[in-house]
Protein chains: 2
Amino acid sequence: MEHDEARERLLAAAEALYYARGIHAVGMDEVRDRAGVSLARLYRLYPSKAHLVAGYLRARDARWRARLAGWVEAHAADAGPRARLLAVFDWLGRWFAEPDYRGCAFINAWGEIGPADDLVAAAVREHKELFRDYLVGLADGLEQPVDVAEQIQTLAEGAMVTSAILGGQAAVRARSAAEAVLR
Amino acid sequence: MEHDEARERLLAAAEALYYARGIHAVGMDEVRDRAGVSLARLYRLYPSKAHLVAGYLRARDARWRARLAGWVEAHAADAGPRARLLAVFDWLGRWFAEPDYRGCAFINAWGEIGPADDLVAAAVREHKELFRDYLVGLADGLEQPVDVAEQIQTLAEGAMVTSAILGGQAAVRARSAAEAVLR
DNA sequence: CCGCATCGAGAACGACCGTTCTAGGCTAGC
DNA sequence: GCTAGCCTAGAACGGTCGTTCTCGATGCGG
């Protein structure tokens with residue numbers, strides 16, 4: 001087995017288990033079993049659980065933002081900034097409706113570990129900053145793109161939380177609020 | 001020591017420790033030490049850690065909503081629904097600026113435990129529902145109080161998350177967005 | 001003053017977790 | 001074919017956590 005293949009298998013296993021059940025509820029043995037990788041190799045690739053968790057978060061960040069950007073590209077590529085930003089909430093609605101939706105992995109990780117571990121905290125902060133930067137890019141052309149993007153982000157984060165805890169049509173409500181912000 | 005006094009001391013200790021450091025990072029022994037209560041009595045009052053956590057969340061919910069309502073009462077009592085709802089964000093800004101602000105205890109608890117424990121999940125959901133109901137009450141007089149209140153809640157939840165992870169003036173941005181929603 | 005029930009302090013227990021170690025097997029070069 | 005080096009599976013270790021147990025102290029009725 002190649003080193004990169006083992007790394008991919010570990011990240012896939014970590015993502016499936018950590019996102020579904022939480023980080024502290026999943027032990028290293030379980031990740032190793034699912035990935036089919038020896039414990040020694042796991043610790044050679046990720047010298048501690050914090051490293052593995054940070055790797056999981058970074059991998060998920062990349063895939064999450066790629067999925068979001070792909071959707072917006074496909075549905076509002078040549079639209080104006082307002083339509084592009086509203087498309088974000090359409091994608092959120094589809095995400096929330098997935099059967100294995102468990103909220104935002106980064107908000108959850110923050111709640112579990114928070115600033116107690118620097119590696120994990122940095123990965124969470126980076127993800128939220130990159131999300132913000134992406135929204136700022138979508139807002140390009142508006143009068144105050146940064147302010148608008150940060151308000152849109154606040155709505156998106158709130159929708160993720162509300163949808164996870166209370167369910168319901170959180171994305172639709174957030175989209176309505178976003179329309180007001182963008183008017 | 002009275003039973004009720006022991007209960008109060010336990011809840012105060014649990015709140016201080018759990019909110020500051022997270023739930024799974026604080027053991028029962030530490031709660032017992034800070035509360036000055038015997039372990040036997042702790043388990044007589046709360047037959048498991050989940051019960052204690054749920055008790056902590058319910059106590060915090062009551063105090064949190066009372067503080068919020070007190071502020072709104074004091075600063076926008078006889079104002080209209082728009083001013084009352086905006087006052088919520090002024091209070092959030094003051095809360096976020098407290099030195100020991102660690103985000104929303106309920107969002108954090110959801111991220112840590114989530115639906116894995118029914119007692120905790122129910123306490124979290126109930127808090128968010130009560131917050132929603134309070135906002136619906138503040139929105140009384142608007143055309144669509146429920147829709148507006150839920151959009152305001154989305155902004156508030158997003159502000160709590162963003163403020164905890166990224167810092168900055170999340171409450172101010174959320175307030176600006178709320179002004180747009182309420183226009 | 002004695003017997004009894006209650007209670008508190010902390011030891012003890014079993015489970016689990018992150019991490020390291022060990023023993024055995026496979027591979028490759030000579 | 002043999003040996004040296006790497007890999008794996010899984011045992012082992014130290015620590016921690018939630019929970020229970022032990023045991024001695026204390027208060028009280030007779």
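As the structure is a prediction and not an experimental result, all values here were calculated from the model. Order of the sequence lines fixes the chain letters, A, B, ..., with proteins taken first and strands second; residue numbering starts at 1 for each chain.
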Assign V26(A) to base, sugar-phosphate, or nothing according to its heavy-atom contacts below 4.0 angstrom with the strands shown.
-> sugar-phosphate
Which pairs, protein N/O on one side and nucleotides 22-28 of chain C N/O on the other, fall under 3.5 Å?
none

Please determine, for the side chain of S38(B), which listed nucleotide (dA9(C), dG10(D), dG10(C)) has the closest atom?
-> dA9(C)
d(CG, D29(B); C1', dA12(C)) in whole Å = 12 Å
Please check if atom CD in E73(B) has more than 12 non-hydrogen atoms from other residues, nucleotides or ligands closer than 6.0 Å.
-> no
Distance below 4.0 Å between R41(B) side-chain N/O and dG8(C) OP1 or OP2 | yes
Sidechain-backbone polar pair: E112(A) side chain, I23(A) backbone, donor-acceptor under 3.5 Å = yes
With a cut-off of under 6.0 Å to the ring centre and 45° to the axis, is R60(B) in cation-pi contact with Y19(B)?
-> yes
Backbone of M160(A) reached by a side-chain donor or acceptor of Y101(A) within 3.5 Å = yes
Kindly calculate the angle separating the two end axes of the helix from dC1(C)-dG30(D) to dC30(C)-dG1(D), each obtained from five base pairs, and round it to 10 degrees.
-> 20°
Nearest-Å distance, CD1 (I23(B)) to P (dG18(D))?
-> 11 Å
Rounded to the nearest angstrom, tell me the gap between atom CG in L45(B) and atom P in dT19(D).
-> 14 Å
Could you pull out the protein-nucleic contacts involving nucleotides 14-16 of chain D (nitrogen or oxygen on both sides, under 3.5 Å)?
none

d(CZ, R44(B); P, dT6(C)) in whole Å = 10 Å
Donor-acceptor contact present, side-chain Q151(B) to main-chain L155(A), <3.5 Å = no
H127(B) (side chain) donor-acceptor with A123(B) (main chain) under 3.5 angstrom = no
Nearest-Å distance, OH (Y46(B)) to C1' (dT19(D))?
-> 18 Å
Please determine if R7(A) forms a cation-pi arrangement with Y46(A), meaning its NZ or CZ atom is less than 6.0 Å from the six-membered ring centre and no more than 45° off the ring axis.
-> yes
Rounded to whole Å, the CD-P distance (E30(A) to dG10(D)) equals 16 Å
Side chain Q153(A), main chain K128(A), donor-acceptor under 3.5 Å | yes
Are there more than 12 heavy atoms of other residues, nucleotides or ligands under 6.0 Å from atom CD of E143(A)?
-> no
With no hydrogens and no angle check, is any side-chain donor or acceptor of R84(B) less than 3.5 Å from a backbone partner on A79(B)?
-> yes
Against the side chain of K49(B), the closest entry in dT19(C), dT19(D), dA9(C) is dT19(D)
Verify the ring-centre separation between F106(B) and W64(B): is it less than 6.0 angstrom?
-> no
R173(B) to F89(B) six-membered ring, cation-pi geometry met (6.0 Å, 45°) = no
Calculate the interatomic distance between M28(A) atom CE and dT20(C) atom P; express it in whole Å.
-> 10 Å
Y43(B) OH to dC21(D) C1', in whole Å, measures 13 Å
